[in-house]
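Presented below is the structure to which this report refers.
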Amino acid sequence: MEQQKPLVSAQDVAFFQEMGYWVSPVVLGPERLAQLIAHMEQVYEGQFETGRSPWPGYWQPGGNPQALRRTVNASWSDHTLYALATDPVIGAMAGALMQADCIRFWHDQLLYKPGRGTGRETEKANVGWHQDWSYWQNCLEPSLVTAWVAFADTDENSGCMQVVPGSNRWGLVKINDFFDQDLQRQQRDIERAAGRTFRPQPVPLKAGQISFHHALTIHGSGPNRSDAPRRSLAVHLMTGNTRYKKFVKDHMNVLLMREDGAQLNEGDLFAGRHFPVLYPKAD
Ligand SMILES: [Fe+2]
């Protein structure tokens with residue numbers, strides 16, 4: 001992506017800070033999208049051009065093709081996906097929205113929500129309401145943002161992401177479950193626990209558009225009722241002042257920090273080779 005002019009206006013920043021999400025113009029063209037889809041398929045076939053597999057424990061080649069495929073750090077396996085996950089234009093947009101002078105890669109998730117084209121029912125393809133920060137409790141502050149890159153058009157019929165506008169200002173709610181399939185019951189439970197009413201806002205995207213959501217923004221998605229699969233890469237990013245905090249369970253990125261022998265102390269920055277800088281762009 002070449003950045004011709006600032007893609008994020010002051011109005012966009014104000015919208016993001018108020019509502020917790022923002023949708024970019026189309027920033028990826030058809031040629032790049034076709035490449036991304038081809039490389040997504042290569043990863044699903046187990047062709048890892050870097051020789052490195054994605055992070056274990058999530059959807060891997062050979063997994064149930066009818067389930068929601070959620071492959072963590074697919075960018076480790078593929079140069080084309082890595083280029084997207086570390087794209088400086090995405091970094092610049094995230095930096096503007098978060099009002100941060102540095103944006104680093106946190107991790108990514110290659111997502112594939114099967115359509116009905118195969119004639120088989122998709123299994124457990126809803127994404128339950130959750131705030132990303134609830135899964136990143138090793139981070140001291142919710143100083144993270146997700147760029148959700150649509151490889152194909154997605155709308156309510158194909159199970160596009162839905163957000164709860166303004167929930168980025170609610171703090172961490174007690175009920176968070178990516179895997180919960182009953183979004184309506186979950187909504188009632190969250191409303192009761194948070195003492196607030198929420199109206200989900202679908203975020204339809206054209207292929208090549210990117211939606212950004214803050215780490216505290218409640219989001220989820222419903223089933224894909226279309227014939228085509230819903231394809232995307234969720235690029236999780238952090239500001240340059242994202243710091244470690246102890247938690248009962250270590251996030252994979254804590255393990256990666258320790259891999260290099262770091263003695264992690266409360267308040268240490270997440271930095272180093274596993275967390276490349278997207279913004280400012282290195283020359
Ligand atoms: Fe999420």
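All residue numbers refer to positions in the sequence shown, counting from 1. Counting convention: from 1, in listed order, for ligands and their atoms alike. A quick note: this is a predicted structure, and the numbers were derived from the prediction, not measured.
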*asked:* Looking only at N, O or S atoms in His219, which is nearest to the Fe ion (ligand 1)?
replied: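 Within His219, restricted to N, O or S, the Fe ion (ligand 1) is closest to atom NE2.
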>> At a threshold of 2.8 Å, where the distance has to be below it, does the Fe ion (ligand 1) have an N, O or S atom of His213 nearby?
In response: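 Not a single backbone or side-chain N, O or S atom of His213 is under 2.8 Å from the Fe ion (ligand 1).
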inquiry  = Quick check for you: with the Fe ion (ligand 1) as the vertex, what angle do NE2 of His130 and OD1 of Asp132 span, to 10°?
reply    =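 An angle of 90° at the metal.
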Taking the six-membered ring for Trp and the single ring otherwise, decide whether the centroids of Trp76 and Phe48 are under 6.0 Å apart.
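So the answer is no for these two rings.
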Within 6.0 Å of CZ in Arg225, more than 12 heavy atoms from elsewhere: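 Not buried by this count: 12 neighbours or fewer within 6.0 Å.
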Item to complete: Mind checking the CH2-OG spacing from Trp133 to Ser143? Nearest 0.5 Å is all I need.
Response: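 OG of Ser143 is found 8.5 Å from CH2 of Trp133.
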* To do: Using modelled atom types only, decide if a donor and an acceptor are shared between the side chain of Gln181 and the backbone of Asn126 within a distance under 3.5 Å.
  =>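 Here the side-chain-to-backbone pair exists.
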